[in-house]
4 protein chains.
Amino acid sequence: MTTPVSSQPRHHGNRHGRSEDARLAVLEATDDLLVERGFAGVTIEGIAARASVAKQTIYRWWTSKTDILFDALIQDAAEYFTSPDTGDLGSDLRARLGEVATFLAGTDAGAVCRALAGQAQHDPAVAARFAAEFVAPQRELDVAPFRRAAARGEPVPADLEAAADQLTGPVWFRVLITGQPVDREYTDALVEGLLRGCG
Amino acid sequence: MTTPVSSQPRHHGNRHGRSEDARLAVLEATDDLLVERGFAGVTIEGIAARASVAKQTIYRWWTSKTDILFDALIQDAAEYFTSPDTGDLGSDLRARLGEVATFLAGTDAGAVCRALAGQAQHDPAVAARFAAEFVAPQRELDVAPFRRAAARGEPVPADLEAAADQLTGPVWFRVLITGQPVDREYTDALVEGLLRGCG
Amino acid sequence: MTTPVSSQPRHHGNRHGRSEDARLAVLEATDDLLVERGFAGVTIEGIAARASVAKQTIYRWWTSKTDILFDALIQDAAEYFTSPDTGDLGSDLRARLGEVATFLAGTDAGAVCRALAGQAQHDPAVAARFAAEFVAPQRELDVAPFRRAAARGEPVPADLEAAADQLTGPVWFRVLITGQPVDREYTDALVEGLLRGCG
Amino acid sequence: MTTPVSSQPRHHGNRHGRSEDARLAVLEATDDLLVERGFAGVTIEGIAARASVAKQTIYRWWTSKTDILFDALIQDAAEYFTSPDTGDLGSDLRARLGEVATFLAGTDAGAVCRALAGQAQHDPAVAARFAAEFVAPQRELDVAPFRRAAARGEPVPADLEAAADQLTGPVWFRVLITGQPVDREYTDALVEGLLRGCG
DNA sequence: TTTTAAACGAGACGGTACGTCCTGTCTTGCT
DNA sequence: AGCAAGACAGGACGTACCGTCTCGTTTAAAA
């Protein structure tokens, strides 16, 4: 996570809502702790100490450590995904799937994402929010190349959701469950298999 | 989980080896707590209280609550999966994938499995054990139909691991990530898509 | 405590000097909280909330909650004690001691006084201020009857301070320590004993 | 407070009730903190830290810091007061009152006692316990010399409680309220005044 | 009439301590 | 030897107040 430390004087208390410095310090400290010590090593007390922030300030703006991680994830994900339009379905899908794999397996934000995916297994509320605020928008990005291809008059699978599952599912599966590496060769093969099957 | 409560008087202490009563009471209490209160509601103290067992007894035989869950999972999974040989690749795969989906999404043992999959995201040791003791054997069952088909002289995909990923990955993805239902229609379509693509 | 709530509109801010409304609201809220919830239930935040006053306004004019209680005590004590001159030492002493007993044990201001006496045990600064600003003036009132008697030519004890202690001490002792009731009969007997002993 | 540190190995956990080591460490740490930092400086966390004891252990056996102080006071007071029988009422009273004054004003246990007397002003439950467990037994010691004198056939005041108040009251008053010194001369004069008044 | 500065309400801030829950370790006495 | 019981040191939880700090408004004396 980037560290946009403000060079402004640190204001403690501000009628006009919350301190942006405190917010960023908390997000950064949370990210750092997650990467350094894992999910169990992320504690509200630890975040407060590392961010030089009062616990009460954290509880004022977030409900739990997963709530903080969501903030970090949403923010980081918004910056990460590009989803270029190459004019070719295969290229678009390969680019997209490679980006997903790299994000999940190779970035700090991906670590946050995996932690939340894990916590979603323990807490239905987390699962619901994860599905709604991260997975659903990602699903849109998964499906976009198909829509563009259809608009160009190319043949596309009937059920786009199912098609997206066939691409993304194996990637998530390897990252979360088997721990196998997910390189470009693998994601390209997935795209190839799908297009051959539907073409 | 079944409940083989012994009707024998409960012995506190046993000169020769561990108490099977205590072991079963712990496994059952853990399962119950997981289903009733979720993973966070499973605590060693809670298990001990519900199983009428001393904490020390738990720590003597298990290292952590995930260790207990592994015991429960391995035991339940061994009883669950059947993997019949119908003599037809498509039938075998459909049966297998349906069984996997039902297990993951529709059984108490599946809840244990999901909890461990979740915890695997937080703890590399859990991830490693989950991959080795649950995922790897399951992978063997995933691949078995292909091996039998190959033995019958039928054409099979070159990379069986990848083929298995394409079937199992979307199922896990839906169960763990999107929360979408995984019915027989969906799993059959996955098998169909794979066989069409490779045939 | 009396409640001179102004019927005027409440002014927020004043170029010259403090808001009398805010001052009175704070004193009253403090008194009320002390009587309703006890000393521990008196908090700056609670006073501010009940008085509809900003915490900062309290900190601007008082240093602590005991400081506020001193304000209330000094004000109330000034209104309470009368100390009439009956021309007779016994009558003067009986009136005075009865007044003291009633104040300490039977008034809201007495509750404030007892709270400060209690806090004086925990904080030397409070003890010093309590001795100087409340006890010393009261001691003057205790001693005044003797001085008037001496001026009239009557015999009085050599050590007036000691004599005052022998009257006031048992009253405070019962109120603060034993909790025994201090009625007129008791205070009269104390005066009687003293006068017999010195006469 | 004395420090009977056991030279035995420190046992953490014992089926047969509480750890005497932990109990003594808590009492000593509490005494020390009270003397060093005053009542407000006595916190459960501070006691736990200084005594190298878990907060939970404190909460298991005591309800509050005043509860701990009571333990310390009762124990120390039991060791302190001697109350010799000289065979003479005046001598007995002088000895007793001197002992009381020294205890209250000049010992660490007296500091605990004053703190509890102070807290009694803030909390009726503390007041009740203080009256019952400390003041009442002390009252018995105050009255004992009179009883012995009566048994010897000497004249004694009709109301022993009142007589005791006249001795003890001024001493407590000076210690708690005025802060004046209470030396032997003063206490002897109090006894003299009382005996002259009743004789 | 306009400026302007003190006091105000509101409330976020960094902190400290609270009392609770759970962890993993330990000892004891029973079976 | 294994067990139920439970006390222990420790650490994190979420809450309540502390005292400090803006912020934007209100007000009346000064300009």
Side-chain angles (χ1 to χ4, degrees), chain A residues 9-19 21-22 40 42-46 48-49 51-61 63-65, chain B residues 9-19 21-22 40 42-46 48-49 51-61 63-65, chain C residues 9-19 21-22 40 42-46 48-49 51-61 63-65, chain D residues 9-19 21-22 40 42-46 48-49 51-61 63-65:
Chain A
R10 179 73 162 269
H11 301 306
H12 291 182
N14 177 348
R15 176 155 201 193
H16 304 298
R18 64 196 290 187
S19 156
D21 280 346
V42 178
T43 65
I44 300 287
E45 298 221 322
S52 293
V53 145
K55 278 167 66 179
Q56 186 59 47
T57 297
I58 298 179
Y59 284 109
R60 195 166 7 238
W61 302 112
T63 63
S64 63
K65 67 178 180 178
Chain B
R10 180 73 162 274
H11 301 305
H12 292 185
N14 175 354
R15 175 92 199 240
H16 301 292
R18 72 191 281 191
S19 159
D21 279 347
V42 178
T43 65
I44 300 287
E45 297 222 321
S52 293
V53 145
K55 278 168 64 180
Q56 185 58 44
T57 299
I58 298 178
Y59 282 109
R60 194 169 2 244
W61 302 111
T63 62
S64 63
K65 67 179 181 178
Chain C
R10 183 70 161 274
H11 303 305
H12 293 184
N14 176 353
R15 167 102 200 236
H16 297 290
R18 68 192 286 188
S19 159
D21 279 347
V42 179
T43 65
I44 300 287
E45 298 222 322
S52 293
V53 145
K55 279 168 64 180
Q56 185 59 42
T57 298
I58 298 180
Y59 283 109
R60 195 170 2 244
W61 302 111
T63 63
S64 63
K65 67 178 180 179
Chain D
R10 182 71 163 270
H11 301 306
H12 290 184
N14 177 351
R15 173 154 201 193
H16 303 296
R18 66 195 286 189
S19 157
D21 280 347
V42 178
T43 66
I44 300 287
E45 298 222 321
S52 293
V53 145
K55 278 167 66 180
Q56 185 60 49
T57 297
I58 298 179
Y59 284 109
R60 199 173 356 249
W61 302 112
T63 63
S64 62
K65 67 178 181 179

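In what follows, every chain begins at residue 1, and chains take the letters A, B, ... in the order their sequences are listed.
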Seminar exercise, completed: Scoring nucleotides 16-22 of chain E by protein non-hydrogen atoms under 4.0 Å (B base, S sugar-phosphate only, - none) yields -SBBBBS
Take atom [atom1] of [X] and atom [atom2] of [N], then tell me their distance rounded to the nearest Å.
| X | N | atom1 | atom2 | answer |
| --- | --- | --- | --- | --- |
| B/R60 | F/dA5 | CZ | C1' | 12 Å |
| B/I58 | E/dC26 | CD1 | P | 17 Å |
| B/R18 | F/dA1 | CZ | C1' | 14 Å |

Exercise. Considering residues at least two apart in sequence or located in another chain, which fulfil the side chain to side chain donor-acceptor pair (under 3.5 Å) criterion with B/T43?
Worked result: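 Not a single residue meets the side chain to side chain donor-acceptor pair (under 3.5 Å) criterion with B/T43.
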For this session: Just jot down the side chain to side chain donor-acceptor pair (under 3.5 Å) partners of B/K65, sequence neighbours excluded, or say none.
Result: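 Partners of B/K65 by the side chain to side chain donor-acceptor pair (under 3.5 Å) criterion come out as none, since no residue qualifies.
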Please report the shortest heavy-atom distance between [X] and [Y], naming the atom on each side.
| X | Y | answer |
| --- | --- | --- |
| A/A54 | A/A48 | C-CB, 4.3 Å |
| C/T57 | C/A22 | CG2-CB, 4.3 Å |
| C/I44 | C/S64 | CD1-C, 4.4 Å |

Problem set entry | Side-chain N or O of B/W61 closer than 4.0 Å to phosphate OP1/OP2 of F/dG2 |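 No, B/W61 has no side-chain N/O under 4.0 Å of OP1/OP2 on F/dG2.
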Exercise. Under 4.0 Å between a side-chain N/O of D/T57 and OP1 or OP2 of F/dA9, yes or no?
Worked result: yes
